[in-house]
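Worksheet: one structure, shown below.
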Protein chains: 2
Amino acid sequence: MAPIQNSRVIFNSIPEGYPVPGETLIIENESIDLDNDPLGGGVLVQIVCISVDPYLRSRMREPHVPSYAPAFTLHKPIHNHAVARVLRSENADVKPGQHLYGWFDFAHYQIVDAEGLKRMRILPEGSGVPWSVYVGVGGMPGQTAYYGWKELEPKKARRHLSGETIYISTAAGPVGCTVMQLAKAAGLKVIASAGQETKLQFLRELGADVVFNYKTADLDDVLKEHAPLDIYWDHVGGKTLDTVLPRMKVHGRILIVGHMSSYNNAPDPVYNLDRFLALRIKMLGFLVIDHDEKYSKEFYEVVPGKIARGELKYNETVVRSLEEAPQLILDVQQGNNFGKAVIVLADD
Amino acid sequence: MAPIQNSRVIFNSIPEGYPVPGETLIIENESIDLDNDPLGGGVLVQIVCISVDPYLRSRMREPHVPSYAPAFTLHKPIHNHAVARVLRSENADVKPGQHLYGWFDFAHYQIVDAEGLKRMRILPEGSGVPWSVYVGVGGMPGQTAYYGWKELEPKKARRHLSGETIYISTAAGPVGCTVMQLAKAAGLKVIASAGQETKLQFLRELGADVVFNYKTADLDDVLKEHAPLDIYWDHVGGKTLDTVLPRMKVHGRILIVGHMSSYNNAPDPVYNLDRFLALRIKMLGFLVIDHDEKYSKEFYEVVPGKIARGELKYNETVVRSLEEAPQLILDVQQGNNFGKAVIVLADD
């Protein structure tokens, strides 16, 4: 077969504020020969689906600025967690037709060399869930929820003993809704917020005890009525965190999982840190990769099965072309998606 | 003996900003009959020495404002950790001449009833250290340092392996200088700050690796040169905490032990909380009483002996009359004392 065009999403410029489709991120084509291009002991894959996550914004920065995930390289393809099907392989452990999970380019095809292959996981075939699940509740976001939940060691409700109270911001996303379902299953009282009526409805269906729209309700009023909180699962930071701090219980725990309020803006000031001493609060910055070795085996044994049996519900916002990726990335920053945002490029 | 005058320090008004001697706190006399006043199954004591600590400011508040220590009651005597000698006793377990440690009034004499007596500790006689030690490095401040140090689980220096780096703010105080000596004994690199040359000299003598005056040096410049930090032992909060956050190491720990910056002022805004995720910081509000059960036995077995043998050094600012207490309390808020501030009212 002759070489074909492989379109890819390129990091074109460092944004100030929100990333601008067609400026921050552009589409470019390269030529690829699926039959003959050398693989360097690795594999040629076709990308099946790619995850779009809030944290991607933090990677669109100057390379010298330190952060937990490496900066994207200007004028190179961006990449993220994805599922890809093997078309050709020079590695004895990986067969054509198998599906891999790992960081892949926003592209249709990619060659992964022997070194890159070491960081990939071979996914099980026939598990009864769509591949997109493995970049959502069955992938990094689900792992964030599952591992973080384990680390929090929440007190479950028992006979004559009610469970703890948790507030989850951006609860309709794949991390939030997974935490919510784990929390409800353990008998906790769950307070959950989102910014759209469809999302709020989803949270009600999942059984959240208190659901509110953070764009219209006053957070402090809600917490005054339904707190104090044992746990705050924070995806937002800034003013939300500042409002939550005085509403924590003594020995309350805060898990910092994201800081949406400052991805695209200067950070809000936080004033209520004197509550740390008064309430002996514990606050942890939580990053999924730190806990992968401890929990990933258990995660893959437990979670995909729960999803297949309908015990763990989720929602997706799907686009079916790479050309829509820059807009979807912006939508996720602005909360205009509903549930896990994913680019699906192939059906199997 | 006829009744005598017992002078006491009374909480007269709630301050805005710094407490004003003669206005916030005033001296009043009551009449007490040392021979005949009823004890309610408790004891009559003479106060030997009373501790003056930074946290006392947080107790001079409206009673409805929640905090970790109860608000002082208006028009009643203030109280704090003190050592008192038993003059009379109606309790079989407590003998005249014994010394008690606990919360006593800022007064010369006090009757403690049976209920109050339950919260007192009988101190050992003849331990070779002055009684004032038991409200300083051998009391609550020393316990704060000792228990907090244990909870931090610092990595000691071992052969071919250097220890962690710790920054201690207000390091010349009784908590700070105890942490400093524990840290040096464990081989950590210690960065320590204070606001007076005499204090800095004391820190150098104790072996701090980096000593600076926080009033004249630029904290960020110091940390740029000597950080990143594994541990920040925070007595200050506010701008200091904000400057420290980006200078922490990955998985750095912050112990919030005080927040001097907001005892007398509105809190400073803190902006750098996004570092929690990037660096996976753990921050804990630490209060000594939460850990008393776990560590107090060990503390009394270990620490007074170390002090008696000169292995744990300290400094004191001593006043010898109750009339000077309101000014000493203000001095502690403004950092004008050097080392443990204590009111000594009797020599044995």
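First the proteins, then the strands, lettered A, B, ... as listed; each starts at 1. As a basis for the values below, the full set of heavy atoms in this structure was taken, side chains included, without hydrogen atoms, waters or symmetry mates. Computed from a predicted model, the values in this text were never measured in an experiment.
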With a 6.0 Å cut-off (strictly less than), is the heavy-atom count around CD of Gln334(B), excluding the residue itself, greater than 12?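 For Gln334(B), atom CD is crowded (more than 12 foreign heavy atoms under 6.0 Å).
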Count the heavy atoms of every other residue, nucleotide or ligand shown that sit under 6.0 Å from NZ of Lys215(B), and state whether that count exceeds 12.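 More than 12 heavy atoms, drawn from other residues, nucleotides or ligands, come within 6.0 Å of this atom.
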Side chain from CB out, backbone as N, CA, C, O: work out which of these in Tyr271(A) comes under 4.5 Å of a heavy atom of chain B, or both, or neither.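 Both parts, backbone and side chain.
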At a heavy-atom separation under 4.5 Å, does Ser262(A) approach chain B through its side chain, its backbone, both, or neither?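 For Ser262(A), the side chain is the part near chain B, not the backbone.
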Test of understanding: with side-chain contact (heavy atoms from CB on, under 4.5 Å), list the residues that count as partners of Glu16(A), not counting sequence neighbours.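 With neighbours one apart ignored, the set is empty.
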Nearest-0.5 Å distance, [atom1] of residue [X] to [atom2] of residue [Y]:
X	Y	atom1	atom2	value
Leu277(B)	Tyr55(A)	CG	OH	11.5 Å
Leu273(B)	Asp268(A)	CG	CG	10.5 Å
Ser58(B)	Asp274(A)	OG	CG	10.0 Å

Using non-hydrogen atoms and a 4.5 Å limit, figure out which bit of Asp290(B) sits close to chain A: side chain, backbone, both or neither.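 Only the side chain of Asp290(B) comes within 4.5 Å of chain A.
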Working for side chain to side chain contact (heavy atoms under 4.5 Å, CB included), residues Arg280(A) and Tyr68(B): CA-CA 8 Å; Arg280(A) 286 88 91 191; Tyr68(B) 54 94; 3.7 Å; yes
Any residues in residues 234-257 of chain A near chain B, with a heavy-atom distance under 4.5 Å, and which are they?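 Within residues 234-257 of chain A, near chain B: Leu241(A), His251(A), Ile256(A), Val257(A).
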For a side chain to side chain contact (heavy atoms under 4.5 Å, CB included) check, start with the C-alpha distance between Met283(B) and Leu284(A), then their side-chain angles and the critical distance, and finish with the verdict. CA-CA 7 Å; Met283(B) 185 157 94; Leu284(A) 289 167; over 6 Å; no
